[in-house]
Amino acid sequence: MSIPKKKKKTFLALSAIALGAFVISILFLFLKPLQPLEYRYTDKLFEWRGPLDVSDSPIVLVAISDQADEEIPEKYPWPTSIYARLVENLNKAGAKVILFDVVFNNPDKDELRNDTLFAQALNKYGNVILGGDLRLMENQFSQGLTQVFPTEVLQDNNPNRVGFVHVNLASDGAVRNYRFGTEYQEEDYYMLGLEGIRLFDEIPYEEIAPLSQDSTHVFKLGAYSIQKDGNYEKEAWKSSFIINYYGPDGTFPEVSLEEVIDDSSYTTNFERELEYGINTFDDPEIGLLQRGVFKDKIVIIGATMPLLKDFYATPFANAGKEPRPGYQVHANAIQTVLDSNYITRFGGYPTIFIMFVMCLSIALVNGRWSANWGIFYSLIAAGVYFGITVWAFVNQQVLMQIVGPVAAIILTQVGMVSYQYYTELKEKKRIRGMFSSYVSPELVDQMIESGKEPSLGGEETYMTAFFSDIVSFSTFSEQLEAKELVKLINEYLNSMTGIVNDRGGTLDKYIGDAIVAFFGAPVPVKDHALQACMSSQLMQKELARLRQKWGKDGWPDIVINMQHRMGMNTGNMVTGNMGSERRFNYTMMGDNVNLAARCESGAKQYGVFTMVTEATKKEAEKFGDECVFRFLDQIVVKGRTQPARVYEIAGLREDAYQELFDCIGLYEEGMEHYLNQEWDKAIAKFEASARLEEYEQNPSGIFINRCKQMKQNPPGPDWNGVYVMQSK
């Protein structure tokens with residue numbers, strides 16, 4: 001069974017749209033301008049998941065804070081002897097590892113002895129990791145990395161390597177990844193957090209993977225297998241892992257630095273003002289030492305002073321509006337490794353497959369049903385995928401892409417809607433082209449808006465059929481040259497067709513000089529009968545105007561005296577596209593159509609120019625009384641057996657004059673006598689109405705002759721007034 005050509009074309013178009021949307025959405029995975037959207041969504045996932053429990057965490061933070069700067073007598077930068085005292089007290093409190101997120105790359109500004117004291121403390125305890133960094137230096141001749149390390153005296157007295165403190169900034173300036181370290185001058189330098197874990201778990205350097213080893217998806221740090229990031233930005237998967245942030249600022253316990261050095265041998269500014277000591281470190285009741293705050297802990301010292309500008313945007317940091325101190329980044333990275341609580345990325349190829357399925361399924365739904373169903377399905381698909389990404393992160397710690405798949409959904413559905421819009425415009429154009437030559441523009445627009453198009457083969461419609469014909473047109477053909485005849489008929493048909501279309505009629509065809517039309521299809525019109533009747537009278541007035549114009553233009557008398565007759569009938573008729581497969585026409589057919597045609601030809605026998613059936617008269621009067629009707633007869637037309645009451649449209653009520661109403665009144669009285677077989681009385685009334693008739697040949701004269709015939713040959717007592725027409 002072959003697929004219909006139209007359906008096949010639609011299928012190919014939708015498939016092409018889906019494929020195009022799929023390809024473009026793949027590009028969205030790699031477009032850097034869109035990466036911030038992915039980052040923001042990742043940050044939102046952390047917020048929706050909420051903080052994680054750190055009650056068993058070994059991490060304590062010591063803040064180089066504004067409060068500390070107020071309490072320490074010397075203003076920042078403080079003498080390095082302060083840090084010597086800090087190391088001493090932290091070790092007294094049982095700290096296992098001390099990490100400085102500070103680079104001591106300059107000698108003490110006051111006394112070198114202070115550096116010596118600090119170096120001695122480093123050497124004495126051997127559990128301190130000092131911060132270092134590499135900075136890009138450039139001048140007009142060259143550029144390169146230069147080390148920013150602690151002073152020589154500090155390095156020489158510290159048995160531990162420097163831990164790098166620089167953070168890995170994403171393209172939006174936030175910190176979400178943590179590097180393993182940097183290879184510099186053929187030596188591996190690990191990040192401060194990893195050095196802290198190494199020292200905390202006493203991991204020898206031999207059990208740490210070289211930074212140059214990038215062929216595996218994990219980084220070995222002793223017993224820890226740190227999951228490398230699968231991100232594509234700057235090949236970060238080779239050198240970093242995703243930090244699983246445990247919560248906002250304040251998640252890890254934090255102590256201000258002056259509280260740690262405030263022992264019995266040190267006087268803060270606050271104590272000096274009070275003139276008595278409150279030793280926050282070694283007070284026997286409330287001191288940090290007594291409470292065991294630092295016992296077996298990893299202590300990270302870092303700056304929270306705004307002056308030092310060591311703040312970064314991170315998840316839980318309100319999209320960077322409330323950045324957190326850098327040492328909290330190290331704390332979250334360390335906790336991620338200690339808990340082996342890694343975040344993994346959903347694979348790129350599975351993501352692309354999901355996008356392909358989305359594009360294909362959306363195309364199938366739109367093609368099978370409609371764009372509205374497609375939009376509904378797209379919303380459901382987006383919602384389901386969104387829910388899966390949230391569930392995967394919260395429950396499985398899997399980070400899934402959002403921009404590419406959502407772009408695939410949006411682009412595909414937008415493409416589908418655009419295609420449907422295009423096809424609808426094309427269909428409207430086709431319908432407009434099909435009907436505009438014989439239907440009024442307003443009716444075409446109404447038909448397009450309604451979405452209804454006549455079905456092939458026809459459909460039964462209740463409407464009004466209209467026929468018009470020029471009286472004695474064969475005489476025109478004899479007396480006028482072909483060019484003149486064409487010019488005349490074109491002007492006539494143009495004017496008359498315009499009236500039909502303006503009143504909502506549909507042109508069926510031209511048969512020489514004849515106009516065949518109908519009112520009420522292809523789009524239903526409630527007052528179709530009234531509009532048809534109104535059209536006939538407006539056409540009469542238009543013909544009168546044309547006759548005056550033709551007289552001025554010098555046309556012969558036959559043209560100046562042109563008349564036309566019209567016939568109408570209302571009822572059920574079949575309308576539709578009829579004909580052959582190669583050539584068809586939107587037309588009408590049926591018995592009621594034939595009756596309308598007989599009304600047009602039969603008008604001649606009554607000396608009138610418009611004849612309609614009783615069905616048309618009654619239907620028209622339901623919607624207005626603009627037309628003046630006169631009963632003509634009850635006839636059986638040729639080709640039919642059932643009688644039909646027929647009427648003349650004597651004119652528009654707004655144009656009617658008293659003589660017309662008087663004429664109709666006398667005529668109708670004559671008809672009563674005629675139907676009662678009172679021939680003499682009928683003749684008298686008809687003779688009276690004949691004197692008021694407008695035209696020489698008229699219904700009154702017709703019935704005068706008919707009454708005289710009936711008088712000579714009475715029809716008998718069973719006569720019902722029906723007149724059988726012997727010709728068309």
Side-chain angles (χ1 to χ4, degrees), residues 20-50 167-179 217 227-248 312-324 329 332-333 336 341-359 362 378-379 381-414:
F22 171 65
V23 172
I24 295 174
S25 60
I26 290 178
L27 296 178
F28 279 22
L29 294 173
F30 304 97
L31 287 177
K32 287 188 177 181
L34 296 178
Q35 196 62 37
L37 296 176
E38 200 74 55
Y39 287 144
R40 290 194 193 102
Y41 183 69
T42 300
D43 294 344
K44 279 293 182 184
L45 289 173
F46 277 99
E47 294 178 14
W48 293 333
R49 183 204 67 187
V167 293
N168 188 28
L169 296 179
S171 57
D172 65 343
V175 181
R176 299 180 184 85
N177 282 60
Y178 199 76
R179 296 181 67 86
H217 291 280
Q227 184 72 45
K228 293 180 179 179
D229 183 16
N231 192 7
Y232 45 79
E233 185 177 0
K234 299 180 182 178
E235 298 185 349
W237 70 273
K238 297 180 180 180
S239 57
S240 71
F241 65 94
I242 302 173
I243 303 172
N244 194 344
Y245 283 92
Y246 278 69
Y312 302 95
T314 68
F316 292 111
N318 194 18
K321 295 180 181 178
E322 297 176 4
R324 67 172 71 198
V329 173
N332 281 275
T336 300
N341 194 18
Y342 305 114
I343 294 173
T344 58
R345 292 185 187 273
F346 192 67
Y349 289 116
T351 299
I352 291 174
F353 177 74
I354 289 174
M355 292 163 59
F356 177 77
V357 171
M358 285 178 174
C359 294
I362 291 172
S378 297
L379 292 174
V384 169
Y385 184 79
F386 170 78
I388 291 174
T389 61
V390 175
W391 175 86
F393 185 82
V394 172
N395 295 281
Q396 304 297 319
Q397 299 190 133
V398 174
L399 187 59
M400 300 178 69
Q401 291 269 2
I402 192 70
V403 173
V406 170
I409 293 172
I410 294 175
L411 290 174
T412 305
Q413 189 55 49
V414 168

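If you're wondering where the values come from, they're calculated on a predicted model, not measured in any experiment.
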Candidate pair N244 and R49, rule side chain to side chain contact (heavy atoms under 4.5 Å, CB included), full reasoning: CA-CA 11 Å; N244 194 344; R49 183 204 67 187; 2.6 Å; yes

After noting the C-alpha distance and the side-chain angles of T336 and Y178, does the key distance pass the side chain to side chain donor-acceptor pair (under 3.5 Å) rule? CA-CA 10 Å; T336 300; Y178 199 76; over 6 Å; no

Could you walk me through whether N168 and V175 satisfy the side chain to side chain contact (heavy atoms under 4.5 Å, CB included) test, starting with their C-alpha distance in whole Å, then the side-chain angles of each, then the deciding distance to 0.1 Å, before giving a yes or no? CA-CA 6 Å; N168 188 28; V175 181; 5.6 Å; no

Evaluate the criterion side chain to side chain contact (heavy atoms under 4.5 Å, CB included) for residue pair F356 and I352; output intermediate values, then yes/no. CA-CA 6 Å; F356 177 77; I352 291 174; 5.6 Å; no

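Using a 4.5 Å heavy-atom threshold, the side chains of L169 and Y312 count as touching. Considering only heavy atoms from C-beta on, R324 comes within 4.5 Å of Y245 through its side chain. Using a 4.5 Å heavy-atom threshold, the side chains of I242 and R345 count as touching. For the pair T412/M358, no side-chain contact is recorded, criterion being any heavy-atom separation below 4.5 Å from C-beta on. Looking at Y41 and F386, their side chains come closer than 4.5 Å, going by heavy atoms from C-beta outward. No side-chain heavy atom of N177 sits under 4.5 Å from any side-chain heavy atom of I243. Contact check for I402 versus E38: side-chain heavy atoms found under the 4.5 Å cut-off. Counting only heavy atoms from C-beta outward, the side chains of V390 and L45 approach each other to under 4.5 Å.
Here OG1 of T344 is found 10.5 Å from CE of M400. Values are rounded to the nearest 0.5 Å. Distance check: I409 CD1 to S25 OG gives 10.0 Å after rounding to the nearest 0.5 Å. The CZ atom of F346 lies 9.0 Å from the CD1 atom of I388; values are rounded to the nearest 0.5 Å. Distance check, rounded to the nearest 0.5 Å: CD1 of I343 to CD of Q396 gives 13.0 Å. Expressed to the nearest 0.5 Å, how far OG1 of T351 lies from CD of Q401 amounts to 6.0 Å. To the nearest 0.5 angstrom, Q35 atom CD is 4.5 Å from Y39 atom OH.
Outside the 6.0 Å centre-distance limit, the rings of F316 and Y246 are not counted as a close aromatic pair.
Residues M355 and P405 come closest through the heavy atom pair CG-CA, 3.7 Å.
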